[in-house]
Amino acid sequence: MSAHVAGSVRTGGIRRYVFPALAMVIVVVLAANRLFRDERQIDRAFQAALTLGSKTEMESAIVSAARAAELTTLFSTNLTFRLGSSGMTVRNRSDLQTLAYRARTYADTIRVKSLGHSIEIGTHRSEARMDASIEAVVQTQEHVDREVGEFRILWKKEDGTWRIWHVEAIETIRRPRLWDEWAP
Amino acid sequence: MFQTFMNRWPRWIAGRDPRRTAVRILLLAAICIPLFRFTLRPTIIHGISMEPTYRDGSLHMANLMQFRRRDPRRGEVVVIRMAGGASLYLKRVVGLPGERVRFQHGHLYINGAAQPEPYLADKGAWLMPELTLGLDEYFIAGDNRMIPMQQHSLGVVRREQIAGGLLF
């Protein structure tokens with residue numbers, strides 16, 4: 001009871017600070033919202049790519065094809081993949097769609113998730129660079145494969161939409177050449 | 001108004017004195033956010049590359065300040081930031097800047113001399129031709145040498161990529 005009375009007495013004093021503080025918080029939130037709008041859009045597109053790259057249950061060939069096609073909409077029409085030692089090359093949406101479709105029909109489940117990513121927006125806010133660590137767990141009837149890869153992903157704003165136009169594998173730990181790779 | 005607002009919360013959340021509780025929460029956040037973002041990082045091990053020293057799934061604390069004032073030494077466990085910055089590699093330093101590193105039938109050779117590696121359970125059979133590290137480079141590897149070298153994340157990192165060590 002006494003605490004309540006004490007609170008009531010001070011209410012006027014607090015109000016003097018609460019409303020300006022609240023207004024300041026709103027201004028900061030709105031400014032941050034505007035300032036980081038591109039980052040959020042890229043982040044959403046990236047999460048969508050990870051979701052569309054995943055497969056949680058058995059699906060028909062038609063669904064696999066539809067998901068693979070949907071995935072390509074997140075990419076620019078002129079895209080390049082450089083995936084290091086795997087020698088995999090993807091030069092357009094059609095290549096990517098084929099690759100995604102094959103992966104979906106091969107695996108029972110695919111779980112793709114980000115282990116962390118950073119986004120750097122270019123000075124003109126029309127290009128962006130993302131460094132990401134991505135984990136993929138692919139399960140087939142015979143085995144489960146877990147792979148972690150590090151990638152540099154370049155984004156481009158096309159008609160107001162952020163799309164991926166370049167993906168390349170990067171190595172934080174530079175692998176040495178081993179004896180079996182050394183041999184002619 | 002603040003008091004009235006806080007009085008609506010159950011007492012087990014807001015405490016006996018809601019204002020003091022709010023201050024405590026803010027103070028705790030002001031301490032914990034920088035502490036766990038820039039200094040100590042709770043870390044769960046994924047994978048078996050550091051076994052038997054560090055088990056898959058075990059919880060540890062990375063100390064991101066460990067190598068602010070000095071450079072890592074051979075045999076020390078370090079954490080390296082992966083792309084994106086949120087995840088870390090956990091590896092052991094086996095080669096220091098400027099050294100020549102080689103693996104032959106599981107034995108580590110530095111500048112041509114075999115090095116003891118007491119932290120290993122099994123030396124394995126790794127083979128790697130000699131490479132010379134740059135003046136800013138370290139050679140790092142995991143403790144589980146039973147994993148074939150081709151499937152193991154090992155190699156050269158620059159000093160700036162080493163984010164810290166392990167507290168425990």
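These figures come from a predicted structure and were not determined experimentally. A note on names: the letters A, B, ... follow the listed sequences, proteins ahead of strands, and every chain is numbered from 1.
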Hey, mind stepping through F75(A) and F81(A) against side chain to side chain contact (heavy atoms under 4.5 Å, CB included) and telling me if it holds?
-> CA-CA 11 Å; F75(A) 290 78; F81(A) 272 51; 3.6 Å; yes
Select all residues of residues 111-120 of chain A having any heavy atom within less than 4.5 Å of some heavy atom of chain B, and report them by number, or 'none'.
-> L115(A), G116(A), H117(A), S118(A)
Sort L154(B) into side chain, backbone, both or neither according to what part of it lies under 4.5 angstrom from a heavy atom of chain A.
-> both
Between R146(A) and chain B, which part of the residue has a heavy atom less than 4.5 Å away: side chain, backbone, both or neither?
-> side chain
Under 4.5 Å, heavy atom to heavy atom: which of residues 124-145 of chain A reach chain B? Give them by number, or say none.
-> D131(A), A132(A), S133(A)
Using a distance-only test with no angle check, is there a side-chain donor-acceptor pair under 3.5 angstrom linking N78(A) and W165(A)?
-> no
Name the region of R158(B), side chain, backbone, both or neither, that has any atom closer than 4.5 Å to a heavy atom of chain A.
-> neither
With chain B as the partner chain, list the residues of residues 40-64 of chain A whose heavy atoms fall under 4.5 Å from it, by residue number, and write 'none' if nothing qualifies.
-> none
Chain A-proximal positions within residues 53-68 of chain B [heavy-atom distance under 4.5 Å] | none
Please lay out, stage by stage, how H152(B) and Q150(B) fare under the test side-chain hydrogen bond (donor to acceptor under 3.5 Å, both in side chains).
-> CA-CA 6 Å; H152(B) 197 105; Q150(B) 290 80 353; over 6 Å; no
Chain B contact via I173(A) - side chain, backbone, both or neither, heavy atoms under 4.5 Å = both
Would the number of heavy atoms belonging to other residues, nucleotides or ligands and lying under 6.0 Å from CZ of R102(A) be above 12?
-> no
Residue pair E99(B), R74(B): steps toward the salt bridge (charged side-chain N to carboxylate O under 4.0 Å, His left out) verdict = CA-CA 11 Å; E99(B) 289 183 338; R74(B) 191 186 335 280; 2.8 Å; yes
